[in-house]
J.: 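Take a look at the following structure, please.
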Amino acid sequence: QVQLVESGGGLVQPGGSLRLSCTASGSIISIIFMGWHRQAPGKERELVASITGGDSTTYAEPVKGRFTISRDNAKNTVDLQMNSLKPEDTAVYYCYLSLRSTYSTTYTGYWGQGTQVTVSS
């Protein structure tokens, strides 16, 4: 089975930084899409940043210039560096990977378990 494990959430003051990491394990053949989503209380889950197999990146408007997504293909990890954090960045952050494993002949989406990020003084 494929598993995604997230780490790096926590409590930080406004203006601070956090780095989230998501590692996929299992018999993975290739990963074509990696993304970070977030969901704040009472709001829908939204895509924050994504990176494709060709290293093309996209960012939601509220985080442009502050967040940076990166991937390590050898380790099957995707990181999200978050700088200049604001209280409105407070949410549960989820990684999402679209990948092909030995368990399937097609690409399948997997979600991480979520990690809480709280920005507060």
J.: Nearest heavy-atom pair of Ile69 and Gly35: which atoms, and what distance?
T.: CD1-CA, 4.3 Å
J.: Fit a plane to each ring of Tyr93 and Phe67, take the angle between them on a 0 to 90° scale, and name the class: parallel (under 30°), tilted (30 to 60°) or perpendicular (over 60°).
T.: tilted
J.: Which residues pass the ring-ring contact (aromatic ring centres under 6.0 Å, His included) test with Tyr94, sequence neighbours left out?
T.: none
J.: Can you tell if the side chain of Leu4 reaches within under 4.5 Å of the side chain of Leu97, non-hydrogen atoms only?
T.: yes
J.: Mind checking side chain to side chain donor-acceptor pair (under 3.5 Å) for Ser30 and listing every partner two or more places apart, or none if nothing turns up?
T.: Tyr107
J.: Do His37 and Trp111 have side chains that get closer than 4.5 Å, going by heavy atoms?
T.: yes
J.: Count the heavy atoms of every other residue, nucleotide or ligand shown that sit under 6.0 Å from CD of Gln3, and state whether that count exceeds 12.
T.: no
J.: Distance from Thr108 atom OG1 to Tyr103 atom OH, nearest 0.5 Å?
T.: 12.0 Å
J.: Out of curiosity, Ser70 OG to Ile51 CD1, how far, rounded to the nearest 0.5 Å?
T.: 6.5 Å
J.: Decide yes or no for Ile28 and Thr102: does some side-chain heavy atom of the first lie under 4.5 Å from some side-chain heavy atom of the second?
T.: no
J.: By salt bridge (Lys or Arg N to Asp or Glu O under 4.0 Å), which residues pair with Arg66, not counting sequence neighbours?
T.: Asp89
J.: So, Ser104 and Thr106: side-chain donor and acceptor under 3.5 Å apart, yes or no?
T.: yes
J.: Between Thr77 and Met34, which heavy-atom pair has the shortest distance, and what is it?
T.: O-CE, 3.7 Å
J.: Roughly how far apart are Ile31 CD1 and Arg71 CZ, rounded to 0.5 Å?
T.: 6.0 Å
J.: Got Arg38 and Glu46 here, is their nearest side-chain heavy-atom distance under 4.5 Å?
T.: yes
J.: Kindly give the heavy-atom pair with the smallest separation between Leu85 and Leu18, and that separation in Å.
T.: CD1-N, 3.8 Å
J.: Got a sec, which pairs hit side-chain hydrogen bond (donor to acceptor under 3.5 Å, both in side chains) with one end in residues 13-28, sequence neighbours left out?
T.: Ser17-Asn83, Arg19-Asp79, Arg19-Gln81, Ser21-Asp79
J.: If you link ILVMFWY side chains whenever their heavy atoms are less than 4.5 Å apart, which other residues fall into the same cluster as Ile29? By chain and number, please.
T.: none
J.: Just wondering, are more than 12 heavy atoms of other shown residues or ligands nearer than 6.0 Å to CD in Glu88?
T.: yes
J.: Return the minimal non-hydrogen interatomic distance between Leu80 and Ala49, and the atom names on each side.
T.: CD1-CB, 4.0 Å
J.: For Ser120 versus Pro14, what's the shortest heavy-atom pair and its separation?
T.: C-CD, 3.6 Å
J.: What's the spacing between Ile32 CD1 and Leu99 CG if we round to 0.5 Å?
T.: 9.0 Å
J.: Does a side-chain heavy-atom distance below 4.5 Å link Arg45 with Tyr96?
T.: no
J.: What are the two closest non-hydrogen atoms of Val2 and Ser101, and how far apart are they?
T.: CG2-CB, 3.9 Å
J.: Check salt bridge (Lys or Arg N to Asp or Glu O under 4.0 Å) between Lys64 and all other residues, then give those that pass, not counting sequence neighbours.
T.: Glu61
J.: Quick one, Val48 and Tyr59 - any side-chain contact, counting heavy atoms below 4.5 Å?
T.: no
J.: Got a second to check how far Gln113's CD is from Glu6's CD, nearest 0.5 Å?
T.: 4.5 Å
J.: Report yes if the side chains of Thr115 and Leu20 come closer than 4.5 Å at any heavy-atom pair, otherwise no.
T.: yes
